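Data first, discussion second: the structure below is written as structure tokens.
Just so we're on the same page: letters track the sequence lines, and every chain starts at 1. A quick note: this is a predicted structure, and the numbers were derived from the prediction, not measured.
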There are 2 protein chains.
Amino acid sequence: MERPKTMPGVNCFECLPRERNEWSVLTGEELKLLAQAKKCRKYHAGESIFAIGEPSHGVYCIVSGGAAIRKIDEVGNSVLLHLVYPGETLGYRGVLLDEERRFGAEALGPSKICFIDRHTVRILLGRNPALGQQFLRRVVTDVDDAHDKLVRNATLSNRTKFVHLLLALMNRHGRTATDGSRVMELPLSRRDLASMIGARHETLSRIIGRLEEDGVARFSGRTVCVRHPHSLIDEIRPTLLS
Amino acid sequence: MERPKTMPGVNCFECLPRERNEWSVLTGEELKLLAQAKKCRKYHAGESIFAIGEPSHGVYCIVSGGAAIRKIDEVGNSVLLHLVYPGETLGYRGVLLDEERRFGAEALGPSKICFIDRHTVRILLGRNPALGQQFLRRVVTDVDDAHDKLVRNATLSNRTKFVHLLLALMNRHGRTATDGSRVMELPLSRRDLASMIGARHETLSRIIGRLEEDGVARFSGRTVCVRHPHSLIDEIRPTLLS
DNA sequence: CGCCAGGTTGATTTCGCTCAAGCAATGTGG
DNA sequence: CCACATTGCTTGAGCGAAATCAACCTGGCG
């Protein structure tokens with residue numbers, strides 16, 4: 001063991017994702033506080049980060065990997081709301097409003113995620129007003145995204161919504177092959193993909209079938225290949241008349 | 001004219017809605033700044049407050065009346081996203097992110113609405129950190145609402161979504177008649193109501209017809225009457241099995 | 001008066017959901 | 001190692017909900 005007990009956690013001072021998120025405005029002193037208060041651990045794919053109904057002990061910051069926000073309604077329907085990626089902070093809602101969790105979160109794949117207890121969050125927010133401003137910006141973009149999604153849900157077909165989702169996933173998880181086609185490994189099951197566009201999994205299955213028929217994309221297990229990336233973009237371009 | 005030029009605007013010091021919103025944390029000095037910077041004016045029903053694409057000059061605070069947030073997509077579909085009521089602050093997105101308006105806002109009925117330019121907002125935010133915290137809470141609840149709406153849209157039928165909407169409107173606009181039934185004047189056209197649940201106006205028309213058949217509510221023009229208020233609540237209660 | 005926006009209603013088609021069966025991959029206990 | 005559940009996915013048939021296209025009211029309003 002060349003590296004001692006700091007091993008599992010990333011040192012906040014050297015945390016790359018941190019330099020691009022809310023916490024980037026912390027000063028040296030505050031960073032020290034953060035570094036010694038945060039607890040970092042690894043999650044395996046699908047492991048629960050927090051669950052609906054439990055008290056909000058703090059926020060989480062994704063170092064690597066990702067997370068999914070899930071809501072399960074009173075009849076057992078599971079809906080994936082949102083995906084969260086490295087550098088993003090998770091679970092601020094319950095902490096800022098001091099309420100219990102209304103959504104669950106789970107690791108998207110093997111992930112490294114830091115936990116910052118709510119007491120420390122409050123101290124830092126009180127000590128450095130810029131942190132609050134950063135959070136404000138962050139939350140405003142979140143509400144913005146949610147509103148965009150609401151508009152899309154209200155106007156688009158399931159197929160179009162799914163293509164939007166594919167594009168978003170491709171941005172995060174895709175790589176460009178030598179022949180210019182885009183390939184990715186889906187981080188989610190078909191069921192969860194379906195829930196994200198508000199459709200049944202059978203319906204998604206058929207949509208995928210049609211996308212393959214139309215030569216837009218090829219699906220094999222969790223691997224997706226899009227030969228002509230802008231065929232996807234054409235799909236979502238609204239057919240403007242006149 | 002017994003009252004001089006302060007006439008159109010409400011004095012912030014005596015503004016009742018203000019005492020229950022973000023601005024309630026301002027101190028006397030800051031309030032004075034706000035009071036002399038804000039511009040208050042009346043809007044008539046349907047009048048535009050700000051439009052998509054224009055620069056975000058400031059935020060608006062509803063004194064009386066209400067406002068609707070509207071998005072019009074590239075093919076001309078109009079979607080109503082959200083309604084805003086007295087005490088609530090409007091248009092913070094563009095100001096906080098320093099972007100142009102991505103949604104339009106219009107008066108719901110005859111309304112009195114104050115404008116606070118973004119420069120003043122920034123000054124106040126910088127001077128009083130508590131204001132930022134207040135905004136943070138406010139925006140977090142907004143994102144929360146949006147997420148709830150997303151989940152409902154993903155799982156509920158148009159009829160159920162409409163009943164949810166009716167209940168929300170009834171809370172704001174309804175009065176209880178002597179016989180215990182609830183009555184309200186709808187603040188929106190059928191088209192806009194339909195857009196709020198992501199349906200066509202013809203579909204909404206039929207849903208309304210069925211609600212009347214089922215004796216849940218009676219519609220006449222923009223007047224709605226619900227004889228047994230909990231018949232609505234029964235509608236949205238999920239049928240829990242076993 | 002004609003015109004128009006807002007609303008209803010009808011006929012038809014499309015889309016998506018439900019229910020159901022089948023299948024491959026994976027796991028588990030004997 | 002096999003029999004057997006289990007899980008995730010696909011496919012089919014039937015049905016219901018909603019979109020679409022269209023006609024037709026109604027109440028303003030120039």
Item checked: Reading 5' to 3' through nucleotides 16-22 of chain C, protein heavy-atom contacts under 4.0 Å coded B for base, S for sugar-phosphate only, - for none -> SSBB---
Checklist line | Spacing of A:I208 atom CD1 relative to D:dT10 atom C1', expressed in whole Å | finding: 10 Å
Check: In whole Å, what is the span from the CZ atom of A:F162 to the P atom of C:dC15?
Finding: 17 Å
Next item on the list: Please round to 10 degrees the angle between the axis of the first five pairs and the axis of the last five pairs in the helix from C:dC1-D:dG30 to C:dG30-D:dC1.
Entry: 20°
Notebook entry, point to check: In whole angstrom, what separates B:N153's CG from D:dA17's C1'?
Noted result: 16 Å
Notebook entry, point to check: To the nearest angstrom, how far is A:R191 atom CZ from D:dC9 atom C1'?
Noted result: 9 Å
Checklist line | Sub-4.5 Å side-chain heavy-atom contact between A:L169 and A:L193 | finding: yes
Next item on the list: Keeping to residues at least two apart or across chains, list the side chain to side chain donor-acceptor pair (under 3.5 Å) pairs with something in residues 213-228 of chain B.
Entry: B:R159-B:D214, B:E185-B:T223
Pairs: protein N or O with nucleotides 27-30 of chain D N or O, under 3.5 Å:
none

Item checked: Spacing between A:R190 atom CZ and C:dA24 atom C1', to the nearest angstrom -> 13 Å
Item checked: Minimum side-chain heavy-atom gap A:Y92-A:V139 below 4.5 Å -> yes
Margin query: In this structure, how many angstroms lie between the C1' atom of C:dT8 and the CD atom of B:E212, rounded?
Written below: 11 Å
Check: What about B:Y60 and B:F50, are their ring centers closer than 6.0 Å?
Finding: yes
Note to self: With rounding to the nearest 0.5 angstrom, report the CD to NE2 distance, B:E88 to B:H82.
What the structure shows: 5.5 Å
Next item on the list: Under the side-chain contact (heavy atoms from CB on, under 4.5 Å) rule, collect the residues that match up with A:A177, sequence neighbours excluded.
Entry: A:D179, A:S181, A:V183
Note to self: Considering only residues two or more places apart or on different chains, which pairs with a residue in residues 187-207 of chain B satisfy side chain to side chain donor-acceptor pair (under 3.5 Å)?
What the structure shows: B:R70-B:D192
Check: Hey, mind stepping through A:H173 and A:L186 against side chain to side chain contact (heavy atoms under 4.5 Å, CB included) and telling me if it holds?
Finding: CA-CA 8 Å; A:H173 301 269; A:L186 287 171; over 6 Å; no
Check: Is the closest side-chain donor-acceptor distance between B:S48 and B:E106 under 3.5 Å?
Finding: no
Item checked: Interatomic distance, B:L186 CG vs C:dG6 P [rounded to whole Å] -> 15 Å
Next item on the list: Could you tell me whether a side-chain N or O of A:R102 sits under 3.5 Å from a main-chain N or O of A:I52, the two making a donor and an acceptor?
Entry: no
Check: So what does B:S189 hit on the nucleic acid, given a heavy-atom distance under 4.0 Å: a base, only sugar-phosphate, or nothing?
Finding: sugar-phosphate
Note to self: Using a 3.5 Å distance criterion without hydrogens, assess whether the side chain of B:K38 forms a donor-acceptor pair with backbone atoms of B:C61.
What the structure shows: no
Next item on the list: Figure out the CG/C1' separation between B:L211 and D:dA17, and round it to whole Å.
Entry: 15 Å
